Amino acid sequence: MQGQNDTAIADGSGEGQTAGPATVDPAAPLLVFDSGVGGLSVLDEVRLLLPDAPVIYAADLAGLPYGNKTEAQIAARVSGLLGRMTERFAPRLVCIACNTASTIALASVREVLEVPIVGTVPAIKPAVIRTRSGVIGLLGTEATIRQAYVDRLEAEFAADKVLLRHAAPELVGAAEAKLRGNPVDPAVFVRAAQALRTMPGGEAIDTVVLACTHFPLVAEELAAAFGPGVEFVDGSAGIARRIAYLTAGQPWQRERADRAIFTRGGPEMDALAPALAARGLDQGGVF
Ligand code: DGL
């Protein structure tokens, strides 16, 4: 799977804003936020570049999935939660590791929070660079694929390409199940691939944008469903580079174990413990 290149950051594939003061508290964490486990695909890339960064991973499992909610619901929920989490945890930077939340609420969250915020938006530009057939597929949530933000990215970077969008909410559930060690029906992946393939021009797709952070977690299953000759592109590596850039020169000191916090508890959350432990995250309880 290919990440985006550096030049894609400034033009919409992994946005950010200026860093805070260099006198940042060395123990101040990065707050990585998603509706569920999807943001772990972003955290994996952040860990590679910033292994010493203290991290709080926050999953709004009480609000999952975001993809079937309205813009107003998502914007209110994300702004409210990030406001309260920022007060509680005093992060040096917030990463909204969710395409749905970012394409809808990034601007409004930036208006209300003082802390630097890096968002996640569909990696259309890197896909345009990679495609040879000129036909690109895009898999996202229902909410993401209808966003004007995505229309703007398409108009700016893919005007001379064909961009075929498909909402694949089933893949969110598949990634959530996989990380809990639950079985996932392979038909879910076949359906997503076929939906794109059977659109007009879809047989020529050679590049697929994974425009939901859950989807890289099931990239192998998707690759099997699409078959050879299709490359997947997502923004996670570029987002990690953006975070590294915005925090360059800052001191890091991990004073306690990194942790994952959820907006809902229960056995379903406990089942995530192995996937979280594999990423150096302790269960941090319910927020
Ligand atoms: N991980 C989220 C994204 O990147 C969406 C999952 C959901 O529907 O909540 O869009």
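As the structure lists them, so they are numbered: ligands from 1, and atoms in each ligand from 1. All values derive from a computational prediction rather than experimental measurement.
- Listed by chain and residue number, Phe89 satisfy the ring-ring contact (aromatic ring centres under 6.0 Å, His included) test with Phe287 (two or more places apart in sequence, or in another chain).
- Between Arg165 and Glu154 a salt bridge is recorded (basic side-chain N to carboxylate O distance below 4.0 Å).
- A search for ring-ring contact (aromatic ring centres under 6.0 Å, His included) contacts involving Phe226 returns Phe232, not counting sequence neighbours.
- Note on residues 95-106: no pairs pass salt bridge (charged side-chain N to carboxylate O under 4.0 Å, His left out), not counting sequence neighbours.
- The existence of a salt bridge linking Asp258 and Arg47 is confirmed by a sub-4.0 Å separation between a basic side-chain nitrogen and an acidic carboxylate oxygen.
- Between Asp185 and Arg191 there is no salt bridge, since no side-chain nitrogen of the basic residue lies less than 4.0 Å from a carboxylate oxygen of the acidic one.
- At a heavy-atom cutoff of 4.0 Å, ligand 1 is surrounded by Asp34, Ser35, Leu64, Pro65, Tyr66, Gly67, Cys98, Asn99, Thr100, Thr141, Val172, Cys212, Thr213, His214.
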